[in-house]
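Below is one structure, written out as structure tokens; the observations come after it.
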Amino acid sequence: MAAESPLLESKRQVEYFELPARSILNRTKPGMPFGWAINPYRGCEFGCKYCYARYTHEFMEMKDGRDFEEKIYAKAHTAELLRRELYKVRREDFVAIGTATDPYQPAERRFEKTRAILEVFAAQRGRRPSLITKSDLILRDLPLLAEIKRGNILHVNMTITTLDTELARALEPRAPRPDLRLAAVARLAEAGISVGVFSNPILPLITDSEESLDCLAAAAAKAGASYFGGGLLFLMPSAQKVFFPFLDEKFPHLAKRYRERFEKNAYLRGPYQEMIRDRVRNIRARHGLASSPANYQPELWAGGEQLELFPVS
Ligand code: SF4
């Protein structure tokens, strides 16, 4: 279907296409914290060097890692598809928006696919949507988010890998600066939106230090985030193709070690994983942050029944 997509616009080296989609809701694998995922776009202009989602372009027979950030597909008829498919989602199911693309990447300014999805949720009661983003463009939709949270349980997960602007620019070349993301966290929190910060992915020997994670958690807490977390980098072959050359250029002293570890296994396990898990847990405790979103009873919950709250750790 992607090969037949009409070209919407060509700008600098980024091209935008419309992707005819049959479905907008994807069932996630068991064990995930959300039962459904919605990705309004395929590809992501932010171009994070570690991005695991590059495989989604490989599904479309685009094997050059750069295609993922230069050929952006906006899904057609997102709102209509969601309205038609929402019956599949049980009230207790969480729906995450932006698991394999950023829903507030630059394309969203023009094509408003995420906004169309949020408008569907704003008319719902008793749903559990969440957004994952690195962009302060989310503030454009603040009134809509406020409306959603009146009748649904809404959480916003802001990803901030580091507070170091230069490092962030190298790792996430076209994503908004960390300070802009923190400012967005503050505005969301002020508006009463449940918001957390995730330092995903934590990069060994680059962003994993106690100091780096602690500063980030402190800034998140100060901005009004209520929860904080971070998971370790995993690198599938599609991500390795971009990340290893990046290391060769920017962190040559680490390139060999990364290759040795990730060429055998895309995931990091063992004592290092446990050490980082403990580090994040201790930092969270130090700054009074939870590991997951806090419960709340929306003002207009479906049917007025008592909400069955989910546990907070
Ligand atoms: S913002 Fe997310 S989806 Fe976009 S390139 Fe970065 S990691 Fe990938």
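Everything numeric here is computed off the predicted structure, so don't read it as measured data.
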Please table the atom pairs, donor to acceptor, closer than 3.5 Å between any side-chain atom in residues 132-139 and protein atoms at least two apart or in another chain.
from, atom 1, to, atom 2, distance (Å)
T133, OG1, D102, OD1, 2.7
T133, OG1, D102, OD2, 3.3
T133, OG1, S135, N, 3.0
K134, NZ, Y50, OH, 3.1
S135, OG, Y104, O, 3.1
S135, OG, L137, N, 3.0

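With D248 contributing its side chain and A255 its backbone, the two residues share no donor-acceptor pair below 3.5 Å. Here the side chain of T114 pairs a donor or acceptor atom with the backbone of P103 at under 3.5 angstrom. In terms of modelled atom types and a separation under 3.5 Å, the side chain of R181 and the main chain of A175 share no donor-acceptor contact. Side-chain N or O atoms of Q105 include none that pairs as donor or acceptor with a backbone N or O of F46 at under 3.5 Å. With hydrogens and angles disregarded, a donor-acceptor distance shorter than 3.5 Å links the side chain of T28 to the backbone of F34. Checked by atom type and distance alone, the side chain of N152 pairs as donor or acceptor with a backbone atom of Q124 at under 3.5 Å. Not a single donor-acceptor pair under 3.5 Å links the side chain of K71 to the backbone N or O of G43. Of the possible donor and acceptor atoms, none in the side chain of T78 sits under 3.5 Å from a partner among the backbone N and O of K75. Side chain of E108 to backbone of K113: a donor-acceptor contact under 3.5 angstrom is found. Counting only distance, with no hydrogens or angles, the side chain of R27 and the backbone of G35 share a donor-acceptor pair below 3.5 Å.
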task: For the pair E18 and F111, evaluate side-chain contact (heavy atoms from CB on, under 4.5 Å) and give the outcome as yes or no after the intermediate values.
output: CA-CA 10 Å; E18 184 167 79; F111 305 118; over 6 Å; no
task: Please step through salt bridge (charged side-chain N to carboxylate O under 4.0 Å, His left out) for the pair K256 and E260, ending with a clear verdict.
output: CA-CA 6 Å; K256 184 163 176 274; E260 281 169 2; 3.2 Å; yes
- prompt: What's the verdict on salt bridge (charged side-chain N to carboxylate O under 4.0 Å, His left out) for E210 and R286, showing C-alpha distance, side-chain angles and the deciding distance?
  reply: CA-CA 12 Å; E210 174 90 24; R286 202 176 298 147; 2.9 Å; yes
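Note on V280: it does not cluster hydrophobically with F198, by side-chain heavy-atom contacts below 4.5 Å among ILVMFWY residues. The cluster map of Ile, Leu, Val, Met, Phe, Trp and Tyr, joined by side-chain heavy atoms under 4.5 Å apart, puts L142 and I117 in the same cluster.
Applying the side chain to side chain contact (heavy atoms under 4.5 Å, CB included) test to K149 and every residue at least two apart in sequence or in another chain returns L154, I193, Y296. For R169, the side chain to side chain contact (heavy atoms under 4.5 Å, CB included) test picks out R177, with sequence neighbours left out.
Residues L25 and I38 come closest through the heavy atom pair CD2-CG1, 3.8 Å. Contact detail for A220 and F228: the closest heavy-atom pair is CB-CD1, 4.4 Å. Contact detail for P40 and T101: the closest heavy-atom pair is CD-CG2, 4.0 Å.
Residues Y267 and Q273 have side chains that never bring a donor and an acceptor to within less than 3.5 angstrom of each other.
Salt-bridge check for R150 with E147: passed, with a basic side-chain N closer than 4.0 Å to an acidic carboxylate O.
A heavy-atom distance below 4.5 Å is not found between the side chains of M32 and F94. The closest side-chain heavy-atom distance from L232 to Y272 is below 4.5 Å. Side-chain atoms of E112 and R140, non-hydrogen and from C-beta on, do get closer than 4.5 Å to each other. Contact annotation: the side chain of H287 approaches that of D214 to within less than 4.5 Å [non-hydrogen atoms, C-beta and beyond]. Considering only heavy atoms from C-beta on, L182 comes within 4.5 Å of L163 through its side chain. Between P298 and I153 there is a side-chain heavy-atom pair separated by less than 4.5 Å.
Here the OG1-CG distance, from T161 to N200, works out to 9.5 Å after rounding to the nearest 0.5 Å.
In this structure, Y258 has its ring center under 6.0 Å from that of F243.
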